[in-house]
Chemist: 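Pasting a structure below so you can have a look.
Each ligand, and each atom within it, is numbered from 1 in the order the structure gives.
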Amino acid sequence: MGRLFAVVVTVITLLSVSFFVMHTWWMPVDISTTGPAIDHQLEETMTGSGLLFLGGQLLLGLFVWQSSDKNPARKIKIFPGGANPLVAAAIILVGIEILTLTFVGSKAWAAVNLVPAAADSLHIDVQAEQFAFYFRYAGPDGQFGGLHPDKIDDGSGNYFGLDPANDVAARDDVVVGSLVIPVNRPILLTLHSKDVGHSFYVPELRIQQDFVPGIEIPVHFTATQTGKFEIVCTQLCGLGHYNMKAYLQVMSEADYEQWLKGQEGQ
Ligand SMILES: [Cu+2]
């Protein structure tokens, strides 16, 4: 029985490691300028923790195999000093591993979260609510209208709480249900939520950022490929959470300009 367990542990270990080595289930294509650093970090983290996992599981299988010998005359071997030095060594080893990953990975993190957005970024406002995303562009005047939470009214399509009657800048703001952006141009999003916590996740951009009600959260990125990608909410935000998504459409600069003109005309 013991030997069978040792074989099963070894087979499960090798099988599960092989799925990671072959990238059977892996990240989708990367379409952002900051993505390669994140993917590189992911590879390093998976390799480091994968080697520890592989070594640990194979050792476990080996020990189970060796101790399944039922011979009562066999002397029990005791590691010098007992278990304490081994446990201490394991804690130090894992601690060093995690600290190293933190320092090595901080660069990739900083490029996304600590470096400010480029000054010429295209600014788009994002409103999350149960269970949809809305996107706002400044319109021909380049000015966003002010936000008035008391004026938010889904029935009339006023998802951001604009006041076009009194606020000139708000009159030409474009509000749509898809995030349409030009390729190769820095984008700066400001995330707002009108109700509960949501999340903005685009796997292809390697960006996942929570919405927090009452806080404006900046997110910036540059898309390097045209195409249509899913934006999904990854914070359990209510009964309709499973269905909370929108699309990111990355277009050529010319297509984007044309799309925006079409929206402004409405
Ligand atoms: Cu949500």
Chemist: At a threshold of 2.8 Å, where the distance has to be below it, does the Cu ion (ligand 1) have an N, O or S atom of Met244 nearby?
Modeler: yes
Chemist: Any side-chain donor-acceptor pair under 3.5 Å between Gln57 and Thr10?
Modeler: no
Chemist: Under a 3.5 Å cutoff, is there a donor and acceptor pairing between the side chains of Thr190 and His123?
Modeler: yes
Chemist: For the Cu ion (ligand 1), find the closest N/O/S atom on His198 and give its atom name.
Modeler: ND1
Chemist: Tell me the angle that SG of Cys233 and SG of Cys237 form around the Cu ion (ligand 1), rounded to 10°.
Modeler: 120°
Chemist: Regarding His192 and Asp125, do their side chains bring together a donor and an acceptor under 3.5 Å, going by distance alone?
Modeler: yes
Chemist: Tell me whether the rings of Phe200 and Phe211 are parallel (<30°), tilted (30 to 60°) or perpendicular (>60°).
Modeler: perpendicular
Chemist: So, 2.8 Å as the limit: is an N/O/S atom of His241 located closer than that to the Cu ion (ligand 1)?
Modeler: no
